[in-house]
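Proteins get letters first, then strands, A, B, ... in listed order; numbering begins at 1 in each.
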Number of protein chains: 2
Amino acid sequence: MIHQRECPIETLIHVLAGKWKPMILWNLIDSTKRFNDLEKLIPDVSQKMLSQHLRDLEGEGIVDRTVYPTVPPKVEYSLSEYGKTLIPVAEVMCAWGEQHNQRKYTESVS
Amino acid sequence: MIHQRECPIETLIHVLAGKWKPMILWNLIDSTKRFNDLEKLIPDVSQKMLSQHLRDLEGEGIVDRTVYPTVPPKVEYSLSEYGKTLIPVAEVMCAWGEQHNQRKYTESVS
DNA sequence: CGGCATCCATGCGGATACTG
DNA sequence: CAGTATCCGCATGGATGCCG
């Protein structure tokens, strides 16, 4: 149930409200990805923002970062067990977002 | 122009990601409120941002704005029927946000 | 390959003053 | 009462260059 004073929605918004964070999480749901994989999967993201957002998500405990001390270096990112608790939330948010986009579309052609 | 987002989560984030929007919506769930009511219920919000966020939400079809042509003027804001579809989404988001806040707390004291 | 450092542009939000 | 107008600081994010 929702509390009256402080709205924890803001907490979730804060966690997800980076320009590329939803896309990052979306791409990690299925499988572990390397840094370079994510760059290719999200073509318009800059290295800086990808790195920064990944560090944010890692700091929140949502994303696991695994470094293999090889040459060349290899770093893998994956959803943590805790991060997977976001999946059902993301699905609900996605469903509403799709409805909203559909609604906007029907408005624009009417 | 219809920009088909790959991740509709961004749509929902866009709708809710104003600094005071969750609080505004939260305060409108129970009942219709006047502008001045919302100012009192959200003490730190400025008139500018309250007005701007309300217009954003109205533009998305989430909030209804009713003007009574009286002196002094009276304007009422309420969740639209469509806006009420956000409530179950908000509850899921809230539940996760509360868990996350709790998690952060237990981490900070461990 | 997987970053970080730096500089820069934009936009969100805050403070203040004014108004129908 | 319910806004609008204006100015401004700061954070977010983009572009580029360098590095282990």
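- In this model, the phosphate group of D/dT4 is approached by a side-chain N or O of B/Arg55 to a distance below 4.0 Å at OP1 or OP2.
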Could you go through residues 50-57 of chain A and list every donor-acceptor pair under 3.5 Å that involves a side-chain atom there, pairing it with any protein atom two or more places apart or in another chain?
from: A/Ser51; atom 1: OG; to: A/Arg55; atom 2: NH2; distance (Å): 2.9
from: A/Asp56; atom 1: OD2; to: A/Lys21; atom 2: NZ; distance (Å): 3.3

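- Within residues 57-70 of chain B, no residue has any heavy atom closer than 4.0 Å to DNA chain C.
- The side chain to side chain donor-acceptor pair (under 3.5 Å) search around B/Arg103 returns none, not counting sequence neighbours.
- Inter-axis angle, ends of the helix from C/dC1-D/dG20 to C/dG20-D/dC1, five pairs per end, rounded to 10 degrees: 50°.
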Next item on the list: Scan nucleotides 6-20 of chain D nucleotide by nucleotide, 5' to 3', and note B when protein non-hydrogen atoms come under 4.0 Å of the base, S if they reach only the sugar-phosphate, - if neither.
Entry: BB-----BBB----B
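- Using a 4.5 Å heavy-atom threshold, the side chains of A/Ile62 and A/Leu79 count as touching.
- Rounded to whole Å, atom P of D/dA2 lies 11 Å from atom CG of B/Leu54.
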Only distances under 3.5 Å count here; give the side-chain donor-acceptor pairs of residues 37-45 of chain B to other protein atoms, sequence neighbours excluded, each with its distance to 0.1 Å.
from: B/Asp37; atom 1: OD2; to: B/Arg34; atom 2: N; distance (Å): 3.0

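- Among A/Lys19, A/Met93, A/Met23, the one residue that satisfies the side chain to side chain contact (heavy atoms under 4.5 Å, CB included) test with B/Glu10 is A/Met23.
- Phosphate proximity of D/dA2 to B/Arg34: present, with a side-chain N or O under 4.0 Å from OP1 or OP2.
- Dashed line: the shortest gap from a side-chain N or O of B/Tyr77 to OP1 or OP2 of D/dG3 is under 4.0 Å.
- Applying the side chain to side chain donor-acceptor pair (under 3.5 Å) test to pairs two or more places apart or on separate chains, those with a residue in residues 89-99 of chain A are A/Trp96-B/Thr85.
- With sequence neighbours excluded, the residues satisfying side chain to side chain donor-acceptor pair (under 3.5 Å) with A/Ser31 are A/Lys33.
- The side chain of B/Ser51 places no N or O atom within less than 4.0 Å of a non-bridging phosphate oxygen (OP1 or OP2) of D/dA2.
- Residues forming a side-chain contact (heavy atoms from CB on, under 4.5 Å) with A/Val71 (at least two apart in sequence, or on another chain): none.
- Between the CG atom of B/Leu50 and the C1' atom of C/dA15 there is a distance of 16 Å, given to the nearest Å.
- Partners of A/Thr11 by side chain to side chain donor-acceptor pair (under 3.5 Å), not counting sequence neighbours, listed by chain and number: B/Asn101.
- A search for ring pair (Phe, Tyr, Trp, His ring centres under 6.0 Å) contacts involving B/Tyr68 returns nothing, not counting sequence neighbours.
- Not counting sequence neighbours, the partners of A/Lys84 by the side chain to side chain donor-acceptor pair (under 3.5 Å) test are A/Glu81.
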